[in-house]
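Written out below as structure tokens is the structure these notes cover.
Every chain is numbered from 1 and lettered A, B, ... according to where its sequence line falls, protein lines coming before strand lines. FYI, side chains are in, hydrogens and waters are out, and symmetry mates aren't considered; it's all heavy atoms of this structure.
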There are 2 protein chains.
Amino acid sequence: MEILPHLSNTFVFRGLQPLQLEQVAQFSSLKKVRKGETIFYDGDSADAFYALAHGRIKVYKLSVNGDEHILHIIQKPGDLFAEAAIYDLETFPANCQALVDSEVIRISKDGFISFILENPKVSLLALAAYSRRIRELVKITEELVFHDVKSRLASHILENRMTKNGQMIYVRNGSKKELAAYLGTIPETLSRALAFLKSKEIISERKRTMTVLDPCRLRTFAD
Amino acid sequence: MEILPHLSNTFVFRGLQPLQLEQVAQFSSLKKVRKGETIFYDGDSADAFYALAHGRIKVYKLSVNGDEHILHIIQKPGDLFAEAAIYDLETFPANCQALVDSEVIRISKDGFISFILENPKVSLLALAAYSRRIRELVKITEELVFHDVKSRLASHILENRMTKNGQMIYVRNGSKKELAAYLGTIPETLSRALAFLKSKEIISERKRTMTVLDPCRLRTFAD
DNA sequence: AAAAATCCTTGACAAAAATCAAAAACTAAA
DNA sequence: TTTAGTTTTTGATTTTTGTCAAGGATTTTT
């Protein structure tokens, strides 16, 4: 059980005393999930929440005709998911599936609640985590309402870019279908948006790496 | 100072002991705001959060060209707003303005944090409140991605309807412009969506009251 | 390396929604 | 009540996005 190092890497439990971590470990368990495996379904009874140990997890909703909309992709070890369901909901409000072979930590709802009651400082960390998620979601709705696909793509690239020897690059880690779902559109529309940016020589693309050729003009599309 | 009854009506402080309420009152203050008055602007430093005593408040973002998108309308006394900014943000992430003459309770950030640390049970209530907001926002993004304006309108009516002597009615409390912004669209498009539902005799409208003539068919548009 | 499967792109078209402009309906003020 | 103001509706048009279908490209499997 090498669960402790993973726990101390979650931002809710980071900075806890070793003794407190031991307590948390008592109501937590490590679970391996294979690529494509579902961790929980929309509507499943929610008696736990999860932290990512390593891998890639998607949290998504399905529309009546089966289109999926990705609400959240968890890929940073230590990030929590499904916490929203814990406090006042009986069932999970979305589906959750591993995109690659992953390991997740399952943290029991009841265990966590009694732990919080005994360790009030932890609750402030949890509240902060929640408020971050809220702002993330507010950002998403704002993007959806104010901006078209081109500009949502531009923002996304600018917010997730890295710099590699002077070049501004964005490395896509999922499929384009996934990226499209994340941006609230479909692969065809994403493809056209990308084609547009490439035709204007604002970005270039090779494999999973996009290079931003003209950051300035990309920014004008982003807002 | 008739602040105590208002406090005990907020869902974070509901159920608190009189003594605890007194404590909360010490770092809270009642503020009158006139219609149109701004409570805080996007970017203002966030050293407090708010609860509605009575009135109507909008929390909204402005796009670069001045279009407003309403993220949240607070009209239920006791509802919190601007809490997201408290825990890990220095500034408010949106604007906030009174839609009618209102009274709000300003709750100091520092005061609240020390209070939580001494009263861990309250944090569970706060966490529950947060998770509700998260689900609300998830619901909004989902609606925006999956559904067109007609169906967002239909859902909205169905979720906010009341029953008055056998009739299923929806009473609009803001302007249509406000409703349009809330639904993530513009007044013209809302107007057309309404005209459509009226032409099909699914709803009728008189003043600010819409009567649902055919709940069944309205529901088919909602999903 | 060939075959199969999946993913991505492109085109033609249809639908949804935004924009612009103007008229109509409603409200509030003089 | 008349006027002035705002809000709402309607029409014509354009832009954006989705749908469907087909062809390429890429990856995976055998």
Assign B:Arg172 to base, sugar-phosphate, or nothing according to its heavy-atom contacts below 4.0 angstrom with the strands shown. sugar-phosphate
Candidates D:dT9, D:dT19, C:dT10 - which lies nearest the side chain of A:Ala195: C:dT10
Heavy-atom donor-acceptor pair, B:Arg217 side chain to B:Lys200 backbone, under 3.5 Å: yes
Watson-Crick or G-U counterpart of D:dT30, or none if no pair lies under 3.5 Å: C:dA1
Taking everything shown except A:Phe49 itself, do over 12 heavy atoms lie less than 6.0 Å from its CZ? yes
Would you say B:Lys150 places a side-chain N or O within less than 4.0 Å of OP1 or OP2 belonging to C:dA17? no
So which nucleotide from D:dG18, C:dA18, C:dA17 ends up closest to the side chain of B:Asp148? C:dA17
Provide, to the nearest angstrom, the distance between the NZ atom belonging to B:Lys176 and the C1' atom belonging to D:dT8. 7 Å
Separation of A:Glu178 atom CD from C:dC8 atom P, in whole Å? 9 Å
Rounding to a whole Å, what distance do you find between B:Arg192:CZ and D:dG11:P? 9 Å
Value in whole Å for how far the P atom of C:dC8 lies from CG of A:Leu190: 9 Å
Could you check how far CZ of A:Phe146 sits from P of C:dA17, rounded to whole Å? 17 Å
May I ask you to evaluate whether A:Ser175 reaches the phosphate of C:dT6, defined as a side-chain N or O under 4.0 Å from OP1 or OP2? no
If you define the side chain from C-beta out and look only at heavy atoms, does anything of B:Val149 sit under 4.5 Å from B:Leu190? no
Rounded off to whole Å, could you give me the NZ-to-P distance for the A:Lys35 and D:dT27 pair? 13 Å
So, B:His156 and B:Tyr170: side-chain donor and acceptor under 3.5 Å apart, yes or no? yes
To the nearest Å, give me how far apart CD (A:Glu205) and C1' (C:dC7) are. 13 Å
Looking at the side chain of A:Thr189, which of C:dT9, D:dT9, D:dG18 is the nearest nucleotide? D:dG18
Would you call the rings of B:Phe92 and B:Phe40 parallel, tilted or perpendicular, where under 30° means parallel and over 60° means perpendicular? parallel
Check the distance between D:dG11's P and B:Glu188's CD and give it to me in whole angstrom. 14 Å
